[in-house]
Engineer: 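Shown below is the structure under consideration.
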Amino acid sequence: LCLLGIHKEKESLGGHIVEVLTGEGKSVVLAVAAIVLAIIGKEVCIVCYSECLNKRDQNAFNDLISAFGLKSKIRYITFRKLVENYIGDLREETKAILEGKKPSKNNNRMKNMVMLVDEVDTLLEPDIYKGTYCPAFTITIPNFISIARMIKNGQSVEDVLKSDTYQKCLSSCPQYAHCFLEEDVKKLPSELERLPYHKYVVRTITCGKERVKRIGYHKFDSVSTTTFNGQKTLFAFLHEQEQCAKDSEEFREFERAEQHYSKLRISC
C-alpha cells in the first residue's frame, strides 16, 4: 500500500522505501504494484542495478503483464539504460554542443513515470553507488596508441607534444577536440603511474569473424569489455600485449583490437 501512496499520513507516490525480506515475495510485490500503477495511467519502470536480475523478473512476470495488456506501460530496466532512454543520449548531446549544433529537445517522458527501485539497499553500497553513470563519447585517432607507447617508453609530455606523431593526431580529429587531446596527453603519465594498482581482466571475444583481446571490468554480476577507466585501460591493453610473443596468435588478437583503444574520450 505504501508503494501505491496509500497510507494514514498522506497520499503520495513519491519517496517510499519498503523492506521486504528474503522469501517474502519482493518480485511479486513490485510486479503487482507496477500493474496497478499502469492501470491508472502511469508509465512504470522497475529499475535494478543488475541486468541479470531484471531479465529474471521480466521473464517471470511477462505473461501476467501481457494478460493485462500493459507491456507498453511497464519496463524492467537498469539504471544505465533508464538514463539513456528517458533523459537522452548524453554522448550525442555533448557532441552536438561542441560542434555548435542545438541539442535535441527533451521529450519530457518522465513526467508521468513512476520508478520502482529493486534492491535499493544494494544500490546504495559504496562499491555500486560510487560507480556513477559517467558517459563519454569517443573519437577514433589512429595514432593515439602510438602516443601512449611513447609515454610508456619514457618520453616526456613536452617531447610528445612536439612530435610528428602528435601532429598526425591533431590532423585526424576535429578542431574542437584539439584542447581535449592536449589535456589527455598531459594526463597520460599519471594514468601510467596508477597501472600497478589497476584491477582488470583480459577477455577474448569474437568481433565479426575474428577473435580479439579486450580489457574487461567486473560490473555487478558480469564483465564489461566496453567500459573504459580513463586511459588506464589503454595502458593495461599495452601492458598485456607486451607480455605476448610477437609471432603468436595471442599477440595478433591484441593487434586486431588496437583501434578499439586508440581513442580520445570526452566526458559528458
Side-chain angles (χ1 to χ4, degrees), residues 50-52 80 91 126-128 130-132 134-173 177 180-267:
S50 168
E51 189 166 357
C52 180
R80 182 177 296 274
R91 301 171 187 84
D127 286 343
I128 293 178
K130 71 182 180 182
T132 309
C134 299
F137 76 89
T138 60
I139 301 172
T140 299
I141 303 177
N143 289 291
F144 190 78
I145 197 166
S146 300
I147 294 284
R149 284 195 176 101
M150 292 167 69
I151 295 292
K152 196 171 188 299
N153 291 332
Q155 292 195 43
S156 68
V157 169
E158 291 75 15
D159 288 341
V160 168
L161 293 176
K162 295 175 184 176
S163 68
D164 291 339
T165 304
Y166 180 71
Q167 294 304 315
K168 289 178 182 178
C169 288
L170 285 176
S171 64
S172 64
C173 68
F180 292 102
L181 177 60
E182 182 178 350
E183 287 303 310
D184 220 35
V185 171
K186 290 178 179 178
K187 292 176 183 176
L188 287 177
S190 60
E191 293 282 75
L192 179 60
E193 288 177 3
R194 296 188 183 100
L195 183 60
Y197 314 101
H198 191 48
K199 294 182 180 180
Y200 62 87
V201 295
V202 179
R203 290 288 186 268
T204 303
I205 67 169
T206 301
C207 189
K209 294 182 179 180
E210 296 182 318
R211 287 164 58 86
V212 299
K213 294 292 186 186
R214 288 279 178 87
I215 300 300
Y217 297 97
H218 288 285
K219 289 285 184 180
F220 310 132
D221 46 15
S222 61
V223 172
S224 170
T225 56
T226 59
T227 297
F228 281 74
N229 194 331
Q231 295 299 356
K232 291 186 289 293
T233 305
L234 171 56
F235 283 122
F237 174 81
L238 293 175
H239 173 74
E240 294 298 330
Q241 186 182 38
E242 289 172 359
Q243 309 309 306
C244 307
K246 289 190 176 182
D247 59 348
S248 67
E249 176 58 27
E250 191 174 18
F251 183 86
R252 286 188 286 273
E253 289 175 357
F254 275 105
E255 206 168 36
R256 295 183 197 119
E258 284 189 359
Q259 188 173 348
H260 178 73
Y261 293 98
S262 193
K263 294 179 178 180
L264 172 66
R265 294 175 54 78
I266 299 178
S267 297

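Note that this is a predicted model, so its numbers are computed, not measured. In this chain, numbering begins with 1 at the start of the sequence shown.
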Engineer: Would you name the heavy atoms of Thr233 and His198 that are closest together and state the gap between them?
Structural biologist: N-NE2, 4.3 Å
Engineer: I'd like to know if the side chain of Ser262 reaches the main chain of Ile141, judged simply by a donor and an acceptor atom lying under 3.5 Å from each other, with no hydrogens or angles considered.
Structural biologist: yes
Engineer: Any Lys/Arg nitrogen of Lys186 or Glu182 sitting under 4.0 Å from an Asp/Glu carboxylate oxygen of the other?
Structural biologist: yes
Engineer: Donor-acceptor pair, Glu191 side chain versus Gln231 backbone, under 3.5 Å?
Structural biologist: yes
Engineer: Flag the pair Leu234 / Ile145 as yes when at least one side-chain heavy-atom distance between them is below 4.5 Å, and no otherwise.
Structural biologist: yes
Engineer: Do Thr225 and Ile215 have side-chain heavy atoms sitting under 4.5 Å apart?
Structural biologist: no
Engineer: Could you give me the CA-CA distance, side-chain angles and deciding distance for Leu181 and Phe144, then say whether side-chain contact (heavy atoms from CB on, under 4.5 Å) is met?
Structural biologist: CA-CA 9 Å; Leu181 177 60; Phe144 190 78; 3.7 Å; yes
Engineer: Taking all heavy atoms of Cys173 and all of Ala177, pick out the closest pair and write down the distance.
Structural biologist: SG-CB, 4.2 Å
Engineer: Using a strict threshold of under 4.0 Å (side-chain N to carboxylate O), is an ion pair present between Arg149 and Glu258?
Structural biologist: yes
Engineer: Just checking Lys152: does its NZ atom have more than 12 heavy atoms from other residues, nucleotides or ligands closer to it than 6.0 angstrom?
Structural biologist: yes
Engineer: Could you tell me the separation between the NZ atom of Lys263 and the CG atom of Asp184, rounded to the nearest 0.5 Å?
Structural biologist: 13.5 Å
Engineer: So which of Phe254, Phe235, Phe237 actually passes ring-ring contact (aromatic ring centres under 6.0 Å, His included) with Tyr261?
Structural biologist: Phe237
Engineer: So, taking the atom named CG in Leu238 and the one named CD1 in Ile151, what distance separates them when rounded to the nearest 0.5 Å?
Structural biologist: 12.0 Å
Engineer: Is the shortest heavy-atom distance from the side chain of Arg211 to the side chain of Ile205 under 4.5 Å?
Structural biologist: no
Engineer: Closest heavy-atom contact between Pro189 and Val157?
Structural biologist: CG-CG2, 3.5 Å
Engineer: State whether a side-chain donor-acceptor pair under 3.5 Å links Glu250 with Gln243.
Structural biologist: no
Engineer: Under 4.5 Å between any side-chain heavy atoms of Tyr217 and Asn229, yes or no?
Structural biologist: yes
Engineer: So with a 6.0 Å cut-off around CD of Glu242, is the heavy-atom count from everything else above 12?
Structural biologist: yes
Engineer: Ignoring hydrogens and geometry, is there a side-chain-to-backbone donor-acceptor pair from Thr227 to Ser224 under 3.5 Å?
Structural biologist: no
Engineer: Suppose we screen for ring pair (Phe, Tyr, Trp, His ring centres under 6.0 Å). Which residues come up paired with Phe180, at least two apart in sequence or across chains?
Structural biologist: none
Engineer: Decide yes or no on side-chain contact (heavy atoms from CB on, under 4.5 Å) for Ser163 and Met150, but give the supporting numbers first.
Structural biologist: CA-CA 10 Å; Ser163 68; Met150 292 167 69; 3.8 Å; yes
Engineer: Looking at Glu240, His218, His239, which hits side-chain hydrogen bond (donor to acceptor under 3.5 Å, both in side chains) with Tyr200?
Structural biologist: Glu240
Engineer: Could you check whether Glu249 pairs with Arg252 (Lys NZ or Arg NE/NH1/NH2 to Asp/Glu carboxylate O, under 4.0 Å)?
Structural biologist: yes
Engineer: What are the two closest non-hydrogen atoms of Thr140 and Pro142, and how far apart are they?
Structural biologist: O-CD, 3.8 Å
Engineer: Below 4.5 Å, heavy atoms only, C-beta onward: do Arg256 and Lys213 meet side chain to side chain?
Structural biologist: no
Engineer: Decide if the gap between the ring center of Phe228 and the ring center of His260 is smaller than 6.0 angstrom.
Structural biologist: yes
Engineer: For Asn143 versus Thr165, what's the shortest heavy-atom pair and its separation?
Structural biologist: O-CG2, 3.9 Å
Engineer: If you take all heavy atoms of Thr206 and Gly208, which pair is closest and at what distance?
Structural biologist: CG2-O, 3.4 Å
Engineer: Look up atom OG in Ser146 and atom CG in Asp164, then write down how far apart they are to the nearest 0.5 Å.
Structural biologist: 12.0 Å
Engineer: Any chance you could measure Arg214, atom CZ, to Cys207, atom SG, to the nearest 0.5 Å?
Structural biologist: 5.5 Å
Engineer: Quick check: do Ile139 and Ile266 have side-chain heavy atoms less than 4.5 Å from each other?
Structural biologist: yes
